[in-house]
Amino acid sequence: MSSSAALANKDLRTKEQSYGEDPLADRETDQYRNEYVMSFVEKWDELIDWDARAESEGQFFIDILRARGKDTVLDVATGTGFHSVRLTNAGFNVTSADGSAAMLAKAFANGQARGLILKTVQADWRWLNRDIQGKYDAIICLGNSFTHLHDEKDRRRALAEFYAALKHDGILILDQRNYDTMLDKGFTTKHKYYYAGDKVKAEPEHIDEGLARFKYTFPDGAEYTLNLCPIRKNYVRKLITEAGFERVRTYGDFQETYAEDEPDFFIHIAEKSSLHLVRWGNGALAEGQTDIRDVTEDYYDSDDADAFYSTIWGGEDLHIGIYDETDDIKTASVTTVKRMVDTLGGLNGDQAVLDIGAGYGGSARYLVKNFGVDVTCLNISETQNDTNRYQNRLQKLADKVTVKHGVFEDIPEKNETFDVVWCQDSILHSDQRADVLNEVYRVLKPGGSFIFTDPMQADDCPEGVLQPVYDRLQLNSLGSFRFYREAAQAAGFEIVDQIEMTQQLRTHYDRVRQELVANYDKVAETASKDYLDKMIVGLENWVNAADKGYLAWGIQRFKKPE
């Protein structure tokens, strides 16, 4: 070993952490080399508690990577190997990197103890591409590790190295503690998700805008410290975007819907590229032309839309409710699901259901819980799909609900696969609605049913009056009862029911607007006021259009002949 390597790896031999005369002044990125000494590393797993952490985290990261078709993963903050081992066992091709030789040694031993030989490489993030080979589908930087970087130039350089180490469509998953709340309101922790060991005390003994000095106290009385930089959530998101990543999604403790002071940790998922033309099967678009599916995906993947729909529109449900016996949005939304099942004449556990435009998956879980069916959810928003998968795991329904990312103009399923195709208030986003019906017909078994709702224009709606309605969702048209009847017949369907219930649409949009106005300040914690102000106006436009008789809504059922 060279003298420089021996110096860099002194943590393998050192028992005591090393700080200067004033530990609070040690705010250098390289300080971690003096902190992760072997005696501390040997105790690190007591803090994590692998079994407890695996239970609280569930399949979150595995689902994220699988859903996006990722295989090769670079774990740049391997630590003692928790995620490297989990992802390797899940079938991913993992390379385990860390700047700490002590951590890598422990990770390798942990892998061996579980029958694995980890592919390890010692690498400083600032020179990452010097030490690794090739490019990766995904990089994970977990365990609050990014906050070891005390200087902005180091953060920017590390993110640039991450970006360069990813394939063109790669993703970065990076987490951090919720320093915003620590700085603004003081330290609290649920001690549930990341540091799940219940016998180790971990809390800051000092915090200011430039330093969070954490002390870790173990059952045998041993104490260790880490000097970290308490970087704020939006600052990290800004750095990731400025490094070239095109989409950044942020979760709080594995859930996208959170109040800013609730989660212990934030998890950022960043895409290197947001190009989707190949994904949707398009040819080249004409200059200036926009694929409405990209518009829809961008809209529902946005922080603003996710915050609004998950907190105001009905939580797990994103569809219009039936308000005959309630004014509660969530209850009304479930009532719609029940009424649709009644219109079908019931469901049984032998049936397979495809839910197109499934959103957060609330209807799918209701159908599984109450009727035992298997449901495949097809949805364009991976943001919503991530939440759907998480809820399925949380409610122990992952074996009954499959979530796929895709579009309903080109359903990725074989012919004659499903007994029922289900859809709630989604087809309005397509400008190829006849193609949607043809695809539904194709994947239905003979005798199968297509049951759906959709916000529509009235059959006799005058030309040009609905632009304010279109503007809320960047639409360019709406269907109608007549359109769906004629398109269904052209596809080969038999028309079973077209139940007109337009007043429910009017009531729903009015109730959502009322709830948004009443909870404006709370929602504004996670959604921009500009978005919310426009939403209030947009919802009012839908109510006014319904009052003028321009809109229509109801439950429709078509049947594929035997």
Side-chain angles (χ1 to χ4, degrees), residues 308-347 353 355 357-371 373 375 420-428 449-461 469 472-473 478-482 484-485 495-519 535-536 538-559:
F308 166 69
Y309 284 100
S310 59
T311 57
I312 298 297
W313 197 277
E316 293 184 60
D317 299 301
L318 297 181
H319 53 260
I320 291 169
I322 294 177
Y323 293 84
D324 294 338
E325 298 179 0
T326 184
D327 65 356
D328 178 70
I329 294 172
K330 186 170 182 59
T331 302
S333 298
V334 174
T335 301
T336 302
V337 178
K338 294 178 180 178
R339 188 74 61 86
M340 290 173 69
V341 173
D342 290 343
T343 303
L344 279 173
L347 290 167
V353 178
D355 184 353
Y360 296 120
S363 295
R365 285 185 288 278
Y366 179 90
L367 298 180
V368 170
K369 290 177 182 177
N370 288 277
F371 303 100
V373 296
V375 182
V420 175
V421 175
W422 180 286
C423 184
Q424 289 179 267
D425 305 330
S426 298
I427 308 177
L428 79 160
S449 290
F450 179 33
I451 183 95
F452 72 102
T453 60
D454 203 44
M456 302 172 289
Q457 67 179 37
D459 286 343
D460 58 355
C461 179
V469 168
R472 187 181 73 83
L473 293 172
L478 288 174
S480 66
F481 277 119
R482 179 189 301 121
Y484 281 117
R485 183 168 60 251
I495 309 301
V496 180
D497 282 304
Q498 286 189 300
I499 305 169
E500 192 275 328
M501 307 169 71
T502 303
Q503 182 59 33
Q504 304 296 345
L505 176 147
R506 193 265 181 215
T507 302
H508 183 83
Y509 280 88
D510 191 42
R511 283 291 299 118
V512 170
R513 183 182 182 280
Q514 292 171 19
E515 286 296 307
L516 177 54
V517 170
N519 295 279
M535 180 60 69
I536 291 171
L539 292 168
E540 186 172 8
N541 288 334
W542 280 74
V543 172
N544 291 338
D547 286 341
K548 294 175 181 177
Y550 297 158
L551 297 178
W553 184 83
I555 297 173
Q556 304 187 62
R557 178 189 173 195
F558 304 150
K559 182 179 178 180

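Keep in mind that the numbers below use all heavy atoms, side chains included, and drop hydrogens, waters and symmetry copies. Nothing fancy with the numbering, it's 1 onward along the sequence.
Taken from CH2 in W553 to OG1 in T502, the straight-line distance is 9.0 Å, to the nearest 0.5 Å. Atom CZ of R485 sits about 8.5 Å away from atom CZ of F558, to the nearest 0.5 Å. Taken to the nearest 0.5 Å, the NZ atom of K559 stands 13.0 Å off from the CD1 atom of I451. Note: L539 CG to E515 CD = 12.0 Å, rounded to the nearest 0.5 Å. A distance of 11.5 Å separates CD in Q514 from CD1 in I312, rounded to the nearest 0.5 Å. With rounding to the nearest 0.5 angstrom, the NZ atom of K330 is 5.0 Å from the CD atom of E316.
No side-chain heavy atom of F450 sits under 4.5 Å from any side-chain heavy atom of V496. Side chains of F308 and V512 form a contact here, defined as non-hydrogen atoms less than 4.5 Å apart. Using a 4.5 Å heavy-atom threshold, the side chains of Y360 and D317 count as separate. Between M456 and Q556, the closest side-chain pair of non-hydrogen atoms falls below 4.5 Å. At a threshold of 4.5 Å between non-hydrogen side-chain atoms, the residues I555 and F452 do not count as touching. Inter-residue side-chain proximity for Q457 and Y550 is flagged as unmet; no heavy-atom pair is nearer than 4.5 Å.
Within the structure, the ring-ring contact (aromatic ring centres under 6.0 Å, His included) test picks out the following pairs touching residues 316-337 (sequence neighbours left out): Y323-H508. Among residues at least two apart or in separate chains, salt bridge (charged side-chain N to carboxylate O under 4.0 Å, His left out) pairs with a member in residues 337-346 are D324-R339.
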CA sep, side-chain torsions, deciding dist, call: L551, L478, side chain to side chain contact (heavy atoms under 4.5 Å, CB included): CA-CA 9 Å; L551 297 178; L478 288 174; 4.0 Å; yes

L367/V337 under side chain to side chain contact (heavy atoms under 4.5 Å, CB included): CA gap, chis, key distance, verdict: CA-CA 9 Å; L367 298 180; V337 178; 4.2 Å; yes

Evaluation steps, side chain to side chain donor-acceptor pair (under 3.5 Å), between S363 and Q424: CA-CA 9 Å; S363 295; Q424 289 179 267; 2.5 Å; yes

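Within the 3.5 Å criterion, the main-chain N or O of I322 finds a donor-acceptor partner in the side chain of T336. Between the side chain of S426 and the backbone N or O of G357, at least one donor-acceptor pair lies under 3.5 Å.
By the salt bridge (Lys or Arg N to Asp or Glu O under 4.0 Å) test, D510 pairs with R506, sequence neighbours left out. In this structure D497 satisfies the salt bridge (Lys or Arg N to Asp or Glu O under 4.0 Å) test with no other residue, sequence neighbours excluded. Residues that satisfy the salt bridge (Lys or Arg N to Asp or Glu O under 4.0 Å) test with E540, not counting sequence neighbours, are R513. With sequence neighbours left out, W542 forms a ring pair (Phe, Tyr, Trp, His ring centres under 6.0 Å) with Y509.
Of all the heavy atoms in N541 and V469, the pair that sits closest is O-CG2, 3.9 Å. Nearest heavy-atom pair across L344 and S449 is CD2-CB, 3.6 Å. The two residues G549 and A458 have their closest heavy-atom pair at O-CB, 3.3 Å. Pairing each heavy atom of F481 with each of I499, the nearest pair is CZ-O, 4.1 Å. Closest of all the heavy-atom pairs between P455 and I320 is CG-CD1, 4.0 Å. Shown here for D425 and D454, the closest heavy-atom pair between the two residues is OD1-N, 3.5 Å.
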